[in-house]
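Structure first, then comments.
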Amino acid sequence: MEVSPKEVKEILEEQIITKPGIVGVSVGSPVKVYVEDIETAKRIPRYIAGVPVEVKVIGRVRVLAAFTSRVRPVLPAYSVSHPKVTAGTIGCFVYDREDGKVKLMSNNHVIAASNAGKYGDAILQPGTYDGGRLGRDEIGYLDKYVEIKYAPYYNDMDVALATIETDYRTEIPQIGFITGIAAPKKDMRVKKAGRTTGVTESYVMDTNATIKVEGYDGKTAIFRNQMLIVQPFAEGGDSGALILDDRNRAVGLLFAGSDEVAVATPIGRILYALNCDIISGKRRYGVPSPYGLVFGLATGIYLLSKYL
Amino acid sequence: MQLLHMVTIQEAVDMFRKEYLRRSGVVGVSTDGRAIIVYIEDERVKAILPYVYHGFPVIPKVVGRVTTL
């Protein structure tokens with residue numbers, strides 16, 4: 001009896017694809033069944049409804065391009081870039097204490113084109129590599145960045161802020177809301193949600209490294225006081241992702257890496273330098289403002305001089 | 001009697017950084033509080049590193065080339 005392709009497809013979907021170890025199927029002649037390992041391959045029948053079956057072992061399939069699509073409201077972890085840059089990741093949204101506006105945080109080399117960007121340049125979501133185009137995908141404008149200085153000078157961070165001119169949500173996909181800020185510690189378990197590799201976990205191996213980073217328009221920049229995370233954790237396009245601990249407290253901002261380590265700047269230093277707070281839902285998390293510290297110190301000295 | 005100045009681990013790291021970070025293949029410098037940790041591109045770079053620097057052990061770790069992601 002002749003079996004139609006539709007009937008074969010139904011058999012595959014109902015009886016085969018749901019079994020553990022089956023990765024995928026393809027209807028044709030022969031029918032192709034993709035499996036994770038040899039043991040699973042041995043359990044697949046040679047014929048389904050009289051149609052020959054070809055089994056291929058391809059291993060476990062994981063999502064590679066997790067957050068590359070256009071998304072509105074705009075979310076952390078998704079693709080973003082300056083028009084002259086390929087793509088990076090939206091780290092989080094912050095409240096700028098200087099002008100009271102909400103802004104998007106990522107790296108200088110992602111949304112400020114390694115110092116080539118100018119105030120007011122459009123920021124695209126998704127990034128250009130993921131199809132973002134001027135005139136259609138602008139979500140805000142470049143607002144401020146910490147300039148990258150090239151070797152032999154030292155840098156503290158690779159960070160930039162952009163205004164956000166469209167709806168946004170602060171919850172990180174597949175992770176949740178940020179619950180605070182924490183300093184990195186050796187062996188601390190960390191996770192991130194990034195444009196390329198999605199949600200990954202690893203641990204901190206160094207909290208105070210000085211590292212030479214290549215890739216700034218062909219130049220090298222040296223960064224001091226950086227945290228290193230054991231790979232596999234991040235790949236190209238994940239730059240800008242916020243790194244969190246297992247309690248969802250923000251720990252660092254990812255910006256570089258090699259085959260063995262990923263490099264990030266402790267988030268407390270970034271918030272202090274830019275005088276801003278992370279926004280998560282209706283809450284704000286920051287570090288004491290440099291102006292607040294000066295004001296507090298001056299007030300303390302004044303009171304001491306008055307009463308002593 | 002001449003008093004010897006004991007170099008702290010942080011002073012040794014700072015001196016090591018100035019002397020070695022500019023060299024090709026040396027990617028980074030850090031410390032675990034007891035030794036100087038040197039991040040290098042590959043095994044061959046070990047040849048240019050000392051075993052001890054101002055009394056502190058030097059521990060090389062191969063991490064490859066670090067680039068923006």
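Note on naming: letters A, B, ... go to the chains in the order of the sequence lines (proteins, then strands), and numbering restarts at 1 for each one.
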Kindly write out the residues that satisfy side chain to side chain contact (heavy atoms under 4.5 Å, CB included) with A:Ala256, not counting sequence neighbours, or none if the list is empty.
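With neighbours one apart ignored, the set is A:Val213, A:Val263, B:Val66.
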Heavy atoms of other groups near A:Arg169 CZ, more than 12 under 6.0 Å
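Open: at most 12 neighbouring heavy atoms sit under 6.0 Å from CZ of A:Arg169.
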Please report the closest heavy-atom contact between A:Ala234 and B:Leu69, naming both atoms and the distance.
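Looking at all heavy atoms of both residues, the shortest contact is CB-CD1, 3.8 Å.
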Under 4.5 Å from any heavy atom of chain A - which part of B:Val13
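No part of it gets close to chain A.
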Which residues pass the salt bridge (Lys or Arg N to Asp or Glu O under 4.0 Å) test with A:Lys191, not counting sequence neighbours?
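Not a single residue meets the salt bridge (Lys or Arg N to Asp or Glu O under 4.0 Å) criterion with A:Lys191.
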Non-neighbouring partners of A:Asp121 that pass salt bridge (Lys or Arg N to Asp or Glu O under 4.0 Å), sequence neighbours left out
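Salt bridge (Lys or Arg N to Asp or Glu O under 4.0 Å) list for A:Asp121, sorted by chain: empty.
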Using atom types as modelled and no hydrogens or angles, find all donor-acceptor pairs between chain A and chain B shorter than 3.5 Å.
| unit_1 | atom_1 | unit_2 | atom_2 | d |
| --- | --- | --- | --- | --- |
| A:His109 | NE2 | B:Leu69 | O | 3.1 |
| A:Asp206 | OD1 | B:Ser30 | OG | 3.0 |
| A:Asp206 | OD2 | B:Ser30 | OG | 2.8 |
| A:Asp206 | OD2 | B:Tyr39 | OH | 2.5 |
| A:Asn208 | O | B:Ser30 | OG | 3.4 |
| A:Thr210 | N | B:Val29 | O | 2.9 |
| A:Thr210 | O | B:Val29 | N | 2.9 |
| A:Thr210 | OG1 | B:Arg17 | NE | 3.0 |
| A:Thr210 | OG1 | B:Arg17 | NH2 | 3.4 |
| A:Lys212 | N | B:Val27 | O | 2.7 |
| A:Lys212 | NZ | B:Leu21 | O | 2.7 |
| A:Lys212 | NZ | B:Arg23 | O | 3.1 |
| A:Lys212 | NZ | B:Val26 | O | 2.8 |
| A:Glu214 | N | B:Val66 | O | 2.9 |
| A:Glu214 | O | B:Thr68 | N | 3.0 |
| A:Glu214 | OE1 | B:Arg65 | NE | 3.4 |
| A:Glu214 | OE1 | B:Arg65 | NH2 | 2.9 |
| A:Glu214 | OE2 | B:Arg65 | NH2 | 3.2 |
| A:Ser239 | OG | B:Leu69 | N | 3.2 |
| A:Ser239 | OG | B:Leu69 | O | 2.5 |
| A:Phe255 | O | B:Leu69 | N | 3.3 |
| A:Gly257 | N | B:Thr67 | O | 2.8 |
| A:Gly257 | O | B:Thr67 | N | 2.9 |
| A:Ser258 | OG | B:Val63 | O | 2.4 |

